[in-house]
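Protein chains get the first letters and strands the later ones, always in sequence-line order, with residue 1 at the start of each.
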Amino acid sequence: MKKALDESSLVLHDDEDIEFAQKLLDQRSGTNANELPSKGGAKLNYFRGTPEEEYRLEAYYQSQCKLTSAWKVRKLANLGQAEWRPELYVAEVIKQGKFMQTKCHYHHKGFFALYPEEALFLLDVGEIELTYKGAMLSMQDAYSLLLADSYGSNLCSIDEYLVYAHLSRIGYRVQRFSADTTRSLETNKSTNDTIVAKHEMSEDECTLSEEKEVKRIKLFSSGGSSQLSLSQIDYQPKLLHREWWITSAEDKDLLNHISFPECHHTPNQLATFPNFYDRKSNIVLKQQSMLFIPRQTTSYDCEVPRIWQERIHREDSHVKTTSRDDYSHPRSIDYQKLCRTAGNWGHFKRLVNEELIVKSNEMKWLHEIMWSGLEKPLLHCTDALNTQAILDKLNVCEATSTLKHDRTNSFVHTIRFNVYQTENMKAFRKTQPGKPFLRVVVTNPSVPIPTLNDITEIGVQSDGVPVKIAFVDSSKVLFFAFDSIQIPTDIVLG
Amino acid sequence: MSVTKADEKGIDHSVVKDFKLAKDNELRFEVETNQRVKLVLLDGSAELFGTELVHSRSYIFESGAKIAVFTWFGCSIRLTGKNEAAYVSKDTPMIIYLNTHAACEQMRKTADQEDIRGPRIMVVGPQDVGKSTVCRILLNYSVRMGRKTTLLDLDVGQGGVSIPGTVGALTVERPADPVDGFELKVPLVYHFGHTSPNGNIKLYETLISRLADVFNAKCDYNRLIKHSGCVINTCGWIKGQGYQCLLHAAQSFEADVVIVLDSERLYNDLKRDLPDFVNIILQPKSPGVVERPRDVRRDYRDSKIKEYFYGPRKIYFPHAFDVSFQDVELFKIGAPSLPDSCLPLGVEQEDTHTKLVPVTPGRDLVHHILSLSMAESLDENLIETNVAGFVVVTNVDVDNQVFSVLSPAPRPLPRRYFLIMDTRFIDINK
């Protein structure tokens with residue numbers, strides 16, 4: 001019996017160690033050693049550095065360490081052995097084991113070989129030991145050796161490995177993609193030559209290509225030259241009425257000073273407006289000064305205005321509180337307050353303008369607040385030039401023209417794996433597995449959403465088998481599919 | 001102007017009635033369709049909506065006219081011809097209107113003395129309360145005092161200054177003719193295009209602002225007009241958006257006096273929504289006001305347009321000629337607007353309503369009225385430029401690229417930019 005630690009391997013032959021190992025086996029036999037600690041909860045997009053977060057991180061690290069430093073026991077009899085051959089990108093099987101039923105293939109150089117993801121997975125679950133140039137590889141070494149930075153046809157990236165491991169742990173049989181359904185892949189997968197090289201996505205952070213960088217800056221920063229700074233945006237309040245005819249301050253004052261007949265008490269006879277609003281008091285229409293009325297007319301005291309009051313159409317005149325329909329001036333200024341305080345039209349208009357400026361400053365201030373925080377709105381109101389501009393900003397879906405077929409640049413999505421049903425559903429024959437029930441494309445957040453062309457290509461390649469897209473985001477795997485078909489909508493981009 | 005016997009056709013001379021009116025009485029009558037009525041003042045003094053009637057002249061009214069003759073001192077009148085319901089009434093609010101005029105006149109006197117703006121009177125009220133008549137009365141009285149008050153007509157449905165579908169301004173220097181109304185020598189007319197402000201509220205408000213600017217400029221230029229002030233006639237839509245238009249008009253023109261006819265509700269609303277220094281007064285409508293159903297209004301609009309081309313009593317002869325498509329450019333005001341859901345927050349859909357859309361002439365242009373803008377180039381804001389005149393399209397020939405028009409003036413057309421109105425006029429020579 002052997003104990004294996006993750007950093008170095010120790011061989012212990014003492015009896016008490018043997019007992020210890022036996023005890024461990026018995027203890028752990030109930031638990032599912034393939035379970036990983038869960039990464040529960042919502043993902044925080046940024047790190048604030050609060051003590052609470054520190055504590056949680058600490059706790060998580062502790063549990064990780066505890067798990068990885070736990071003693072593991074493997075029975076030698078079951079343990080296979082494989083030698084990593086970097087020049088061929090496979091691991092040569094030296095000692096076969098149970099895994100041979102499902103995992104390896106016969107390499108054309110004359111030995112059984114394991115693909116890097118298979119080898120790594122088996123190492124992960126503890127079914128084999130990997131050696132390199134004779135030396136035993138630890139988990140860390142294996143990960144760094146076997147997994148490649150780039151996406152090549154032979155190579156396996158961390159994303160692909162994570163997807164493979166995830167599916168295999170669940171129980172599916174996963175093989176590398178081959179369109180040929182009669183037999184499984186014996187040579188390395190042949191893929192499209194025009195795969196765009198991507199940057200490595202390590203577990204903790206994303207390094208983005210330049211263009212993606214620019215896009216992110218455009219979306220999330222506030223000082224970029226591509227965005228209008230708020231001071232440039234003109235929030236000039238639209239003056240309701242033009243005042244250009246008022247030339248100087250004196251004129252304004254003159255115009256403001258309009259005296260009303262009721263205001264001043266002249267010894268002359270006052271001509272007052274007959275107003276029939278007030279029901280209670282009788283309005284007596286006084287005889288007017290003859291200077292004010294044309295010849296051939298006469299005015300006199302009229303003391304019977306009540307009939308005229310009754311003749312006025314009095315609807316149920318409970319004055320409603322201002323509803324939106326009655327008074328909806330385009331800008332939300334408190335006009336009624338101004339109405340009560342202004343002394344004449346010039347004053348009123350000045351007050352209105354002041355209020356407008358105050359309101360627009362308020363709006364400016366609100367806009368500033370909105371655009372200065374960590375989270376900003378996606379669109380600025382000045383971005384709405386046409387539908388295309390908005391869609392580009394949103395950047396979820398590129399507008400594709402189905403007639404244009406660009407094979408050269410956008411084909412980054414390729415099918416990586418064939419997935420076959422679990423053992424319970426269907427017996428798995430390694431060499432002739434038949435048609436897979438699922439195919440998987442591996443991608444990560446740095447890759448744009450597949451365009452219509454990509455999806456059609458994948459569909460064509462897959463030849464009737466449904467395809468799911470495994471989206472690996474910080475070592476968490478999500479599956480998306482384009483299975484359900486919706487009738488596409490044409491949008492006018494102009 | 002004496003009237004010859006030849007003009008008296010259509011008057012049923014068999015029906016003659018004499019009326020004796022005491023002080024403060026009013027004779028009201030309507031002329032039946034296809035009839036005409038002759039009115040002669042036999043004795044005393046009388047006035048018709050503020051214009052004094054003269055003894056030596058007989059006034060002939062056309063069918064559909066609704067007339068009220070008021071006397072301050074008493075008179076006797078002879079009516080010849082068939083008329084509906086001629087009666088004498090004792091209650092009229094004329095004393096109220098006269099006192100209103102006196103108060104305005106006092107404001108004008110103050111304006112004279114202190115060289116400030118004269119009173120701006122706005123007449124508002126629901127439909128069929130006699131707003132146009134009250135405006136006419138006030139204007140006539142002010143003219144009789146020697147003033148040069150301006151009539152600003154915002155009623156697009158009725159067309160006091162020009163044909164329906166326009167807003168306009170007219171400086172009144174002479175009392176209105178009892179039969180023909182105000183002398184429309186040089187009105188300032190702006191194209192609106194619809195017979196209700198509902199057609200394009202944004203444009204309506206723009207035109208109101210424009211009229212206000214122009215009137216203010218005129219006031220600066222001419223002191224007599226400045227001191228005389230103006231009378232603003234509004235349209236009868238007083239709820240919802242119409243109410244907002246009223247507020248906009250009051251603010252643009254800086255109204256000093258608002259006369260609310262017959263609606264207490266409107267009075268209260270205005271009292272609340274207009275500044276306190278504005279005099280808002282509520283006055284009753286005259287019991288003689290006749291309500292006009294829709295078809296009557298439509299006929300009235302048609303007759304106004306006809307009167308534009310043919311003159312009152314068909315004294316003018318309009319010209320008919322062809323215009324080729326190249327010589328002119330046609331525009332329509334108002335573009336279809338994008339739905340709001342396409343726009344992000346903060347962007348407003350304002351501009352499409354006052355956008356000029358070029359139109360290629362086609363068969364659907366027939367019978368539409370076109371207004372000829374005074375603009376000489378497209379650099380000027382066509383919407384805010386006044387109108388030189390109107391033509392009506394009688395025929396469109398797409399093959400030869402010409403359309404025929406009926407026009408008050410002979411060719412060639414003085415300008416080249418036309419705006420299309422919604423109103424149509426079918427020229428049937430009766």
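Annotation: side chain of A:Ile312 is not in contact with side chain of B:Lys285 (no heavy-atom distance under 4.5 Å). Contact annotation: the side chain of B:Pro287 approaches that of A:Trp308 to within less than 4.5 Å [non-hydrogen atoms, C-beta and beyond]. B:Phe73 places a side-chain heavy atom less than 4.5 Å from the side chain of A:Thr298. Counting heavy atoms from C-beta on, the side chains of B:His101 and A:Pro294 come closer than 4.5 Å. Put simply, the side chain of A:Trp345 reaches to within 4.5 Å of the side chain of B:Gln251, judged on heavy atoms. Using a 4.5 Å heavy-atom threshold, the side chains of A:Tyr277 and B:Asn268 count as touching. Residues A:Pro274 and B:Thr100 form a side-chain contact, since some pair of their non-hydrogen atoms from C-beta on lies under 4.5 Å apart. The shortest side-chain heavy-atom distance between A:Phe273 and B:Cys104 falls under the 4.5 Å cut-off.
Enclosure of atom CD in B:Gln113 by more than 12 non-hydrogen atoms of other residues, nucleotides or ligands within 6.0 angstrom is indicated. Heavy-atom neighbours of B:Lys218 NZ from other residues, nucleotides or ligands within 6.0 Å: at or below the threshold of 12.
The shortest non-hydrogen separation linking B:Lys109 to A:Phe292 is CD-CE2, 3.7 Å. When all heavy atoms of B:Arg144 and A:Arg295 are compared, the closest pair comes out as NH2-O, 2.8 Å.
Heavy-atom distances place the side chain of B:Val257, and not its backbone, under 4.5 Å from chain A. Contact of B:Asp24 with chain A is made through the side chain alone, with heavy-atom distances under 4.5 Å. For B:Tyr267, the part lying under 4.5 angstrom from a heavy atom of chain A is the side chain only. With a threshold of 4.5 angstrom between heavy atoms, B:Ser286 does not approach chain A through any atom at all. Interface residue B:Glu52: only side-chain heavy atoms are found under 4.5 Å from chain A. When heavy atoms are compared at a cutoff of 4.5 Å, B:Ile259 does not approach chain A at all.
With respect to the salt-bridge test (charged N to carboxylate O, under 4.0 angstrom), the residues B:Asp262 and A:Arg311 do not qualify. Using a cutoff of 4.0 Å between basic side-chain nitrogens and carboxylate oxygens, B:Glu254 and A:Lys349 are scored as salt-bridged.
Taking CD1 from B:Ile116 and CG from A:Asn344, the interatomic distance works out to 10.0 Å, rounded to the nearest 0.5 Å. Expressed to the nearest 0.5 Å, how far OG1 of A:Thr341 lies from CZ of B:Phe277 amounts to 9.5 Å. Note that the CG atom of B:Asn279 and the OG1 atom of A:Thr272 stand 10.0 Å from one another [nearest 0.5 Å].
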- [ ] Take A:Phe276 and B:Ile281 through the side-chain contact (heavy atoms from CB on, under 4.5 Å) test and state the conclusion after the steps.
- [x] CA-CA 7 Å; A:Phe276 284 80; B:Ile281 48 187; over 6 Å; no
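Most heavy-atom pairs under 4.5 Å with chain A, from the set B:Glu105, B:Met145, B:Glu205: that is B:Met145.
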